[in-house]
Each structure stands twice: as structure tokens, then as C-alpha cells.
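All chains are named by letter (A, B, ...) in the order of the sequence lines, taking the proteins before the strands, and each is independently numbered beginning at 1. Nothing here was measured: the structure is a model prediction, and the numbers come from that model.
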Amino acid sequence: MPELPEVEHAVRRLRVALVGRAIVRARALHRSLRRSMTPARLRSLAGRTVREVSRRGKHQLLHLDSGALLHVHFRMTGDWEWHATGAPSPAHVRFALELDDATTVVLSDSRALATVAFVRGVADLPALGPEADDPTLTADWLRAALRGRRGAIKTVLLDQRLLAGIGNIYASEALWHAQLSPRASAASLAPARVTRLLAGIRKALARGMAREGRHEEGESHEFLVYDREGAPCHRCGAAIRRLVQGQRSTYWCPRCQRV
DNA sequence: TATGGCCTGTGG
DNA sequence: CCACAGGCCATA
């Protein structure tokens with residue numbers, strides 16, 4: 001579940017379950033996580049209290065009372081779940097924290113690509129641009145940040161060093177809102193288009209946050225263009241197309257998203 | 001820029 | 001069987 005809105009929602013839910021609680025036992029249940037979480041490191045979590053949970057882009061940091069930081073990244077399919085300690089575990093549990101209130105928080109991750117590791121500080125995370133939903137960002141800043149970027153805007157939006165938190169879905173969604181072609185050259189976007197792009201990013205992320213807020217699923221459509229190949233554009237009715245950029249799918253409207 | 005790797009699951 | 005999957009890194 002991993003783009004900025006989904007990770008932010010996961011962090012908020014995790015805080016309720018975890019902040020102020022003491023860890024009784026930590027377990028790594030898949031070899032992909034045992035590489036970073038050795039038995040000694042897992043033991044070092046026992047007895048620790050979680051002071052806070054923070055987010056930077058799609059990265060999560062669990063702040064422990066010992067001063068240690070546990071870094072979690074969901075990658076493609078990670079999510080937090082929890083259940084009563086001793087109850088049957090949900091499917092795909094890769095990492096588990098048994099807490100002092102008889103609940104167990106688990107990292108569920110079908111593809112087992114998520115990562116959990118100790119870090120010393122935010123400096124140990126990969127270089128990240130400002131938060132993609134930072135309300136203080138300006139079009140001038142974005143224009144300067146795009147200057148010198150080679151390649152198509154869709155591909156550039158996925159680079160976390162530009163903006164932290166935009167993934168493959170919201171890149172397509174933002175460009176649809178901005179009515180910009182995903183193939184447009186990032187470096188040569190005219191100022192008015194950069195302004196539209198910033199607004200489009202905000203709209204896409206705001207929609208994502210709103211969607212996360214409702215735990216009611218089943219509503220008409222989740223995304224405006226993503227995964228809608230062949231379906232009519234919600235703005236002009238033309239058939240949505242799919243193309244591949246940098247080995248990732250892009251969805252766009254060929255009529256109302258212009259270069 | 002493209003490919004492969006990490007992993008497993010789903011759907012055609 | 002194959003393609004594809006909301007991420008990211010290392011490699012030529």
C-alpha cells in the first residue's frame with residue numbers, strides 16, 4: 001500500500017496501536033527480514049517503549065525510548081495490521097511486535113519486499129526531496145527543481161530526490177489533473193504548466209488522503225486514470241491509454257493531456 | 001536508459 | 001504458461 005497517502009494513513013493507525021506501548025517480543029518471520037533483523041537486534045527491542053512514529057516520504061520511523069530508530073519501508077505490498085496476541089496471524093506476516101497490552105502489531109507483506117532495519121537517524125535514509133504535499137512549495141521552486149532534469153515528467157516525478165512520496169499511481173493522477181502529457185520533457189515545461197503540475201500533485205494527493213479517510217470502499221472508482229486503460233476519460237470521454245515509461249505503467253488521456 | 005534482482009500473488 | 005503488480009537498488 002505504498003504511496004504518501006497510504007503510508008500516512010498507515011502511520012496514523014500505527015500510532016494509535018503503538019505509541020506509549022512497550023514491546024514484549026519482536027519476531028522476523030521471513031528470511032528477507034531476518035537479514036537485517038538478527039536475533040540480537042530483535043532481542044534488543046524487548047522492553048522498549050515506542051515514543052512516536054514519524055513519516056518521511058514513504059519511509060516510516062519508529063522512535064524508541066532507547067533512542068534507537070526502527071526504519072520501515074512498505075515497498076509494494078506492506079501494511080500494518082494487528083490482532084490479539086496468540087490469535088491466528090493474518091496471511092503474509094513478515095514481522096511482528098508483541099505488545100504489553102496483549103495485542104500484536106504485524107507487518108503484512110505478500111511480496112516480502114518491505115524492509116525493516118535500525119538506523120541512526122534521518123541522515124541514513126536515502127536522499128529525499130521535500131514532502132510532496134508540503135503546502136509551502138511554490139511553482140517557482142518546482143520550476144527550478146525541474147530545470148536540468150532530463151527525461152519525461154512522469155519518470156522524473158517518481159524520483160524521490162525531487163519530491164518525496166509520489167509513486168506510480170499518483171504520478172499518473174497528478175498529470176491527469178494538470179492536463180499534461182506524461183511524455184512532456186520535465187526540463188522544458190513552461191511556467192504555467194509547472195503551476196498546473198503543482199496543483200495537480202496537490203489534487204491527486206488530497207484525493208488519496210480523502211480516500212484513505214473513508215474506510216468505506218466499494219465506491220464508484222478509486223482513481224481517475226490509473227488502471228483505467230480503455231475506459232472513458234472522466235474529463236473528455238476519450239479512451240484512456242497505457243504506456244510504459246522506465247518499465248512502469250503510465251495511464252493518460254491522449255486527448256486532454258497535451259505535451 | 002534498460003535490465004535484473006528482490007519476492008509472491010493474481011489474472012489472462 | 002505469461003504479464004503484471006502502488007518500490008527501489010545495483011549494474012553495464
Minimum-distance nucleotide to [X] side chain [options: [options]]:
{"X": "A:Gln247", "options": "B:dA2, C:dC8, C:dG7", "value": "B:dA2"}
{"X": "A:Ser110", "options": "C:dC8, C:dG7, B:dG9", "value": "B:dG9"}
{"X": "A:His30", "options": "C:dG6, B:dT8, C:dC8", "value": "B:dT8"}
{"X": "A:Leu113", "options": "B:dA2, C:dG6, B:dC6", "value": "B:dC6"}
{"X": "A:His73", "options": "C:dC9, C:dC4, C:dG7", "value": "C:dG7"}
{"X": "A:His92", "options": "B:dG9, C:dG6, C:dC4", "value": "B:dG9"}
{"X": "A:Asn168", "options": "C:dA5, C:dC9, C:dG6", "value": "C:dG6"}

Audit row: A:Trp252, A:Glu229, side chain to side chain donor-acceptor pair (under 3.5 Å) steps and yes/no: CA-CA 8 Å; A:Trp252 63 298; A:Glu229 184 178 17; over 6 Å; no
Rounded to whole angstroms, how far apart are [atom1] on [X] and [atom2] on [N]?
{"X": "A:Arg149", "N": "B:dT1", "atom1": "CZ", "atom2": "P", "result": "12 Å"}
{"X": "A:Leu125", "N": "C:dC8", "atom1": "CG", "atom2": "P", "result": "12 Å"}
{"X": "A:Leu224", "N": "C:dG6", "atom1": "CG", "atom2": "C1'", "result": "16 Å"}
{"X": "A:Phe74", "N": "C:dG7", "atom1": "CZ", "atom2": "P", "result": "13 Å"}
{"X": "A:Met76", "N": "B:dG5", "atom1": "CE", "atom2": "P", "result": "17 Å"}
{"X": "A:Tyr170", "N": "C:dG7", "atom1": "OH", "atom2": "C1'", "result": "15 Å"}
{"X": "A:Lys154", "N": "C:dG7", "atom1": "NZ", "atom2": "C1'", "result": "12 Å"}
{"X": "A:Leu243", "N": "C:dA3", "atom1": "CG", "atom2": "P", "result": "18 Å"}

Ion pair check, A:Glu98 and A:Arg27, cut-off under 4.0 Å: yes
Charged N-O contact under 4.0 Å between A:Arg21 and A:Asp101: yes
Earlier contact from the 5' end, DNA chain C, for A:Tyr251 and A:Leu158: A:Tyr251
Mate of C:dG6 where both pairing distances stay under 3.5 Å, Watson-Crick or G-U: none
Sugar-phosphate, base or nothing in reach of A:Tyr226, heavy atoms under 4.0 Å: sugar-phosphate
Touch class at under 4.0 angstrom, heavy-atom based, for A:Thr115 against every strand present: nothing
Phosphate OP1/OP2 of [N]: any [X] side-chain N/O under 4.0 Å:
{"X": "A:Lys58", "N": "C:dG6", "value": "no"}
{"X": "A:Ser249", "N": "C:dC4", "value": "no"}
{"X": "A:Arg248", "N": "C:dG6", "value": "yes"}

Polar side chain donor-acceptor pair, A:His71 to A:Thr115, under 3.5 angstrom: no
Residues A:Asp79 and A:Ser108: side-chain donor-acceptor under 3.5 angstrom: no
Sole candidate of A:Arg211, A:Arg13, A:Arg75, A:Arg12 that passes salt bridge (charged side-chain N to carboxylate O under 4.0 Å, His left out) when paired with A:Glu6: A:Arg211
Whole-Å C1' distance, B:dC6 and C:dC1: 23 Å
Nearest-Å distance once atom C1' is located in both B:dT1 and C:dG6: 23 Å
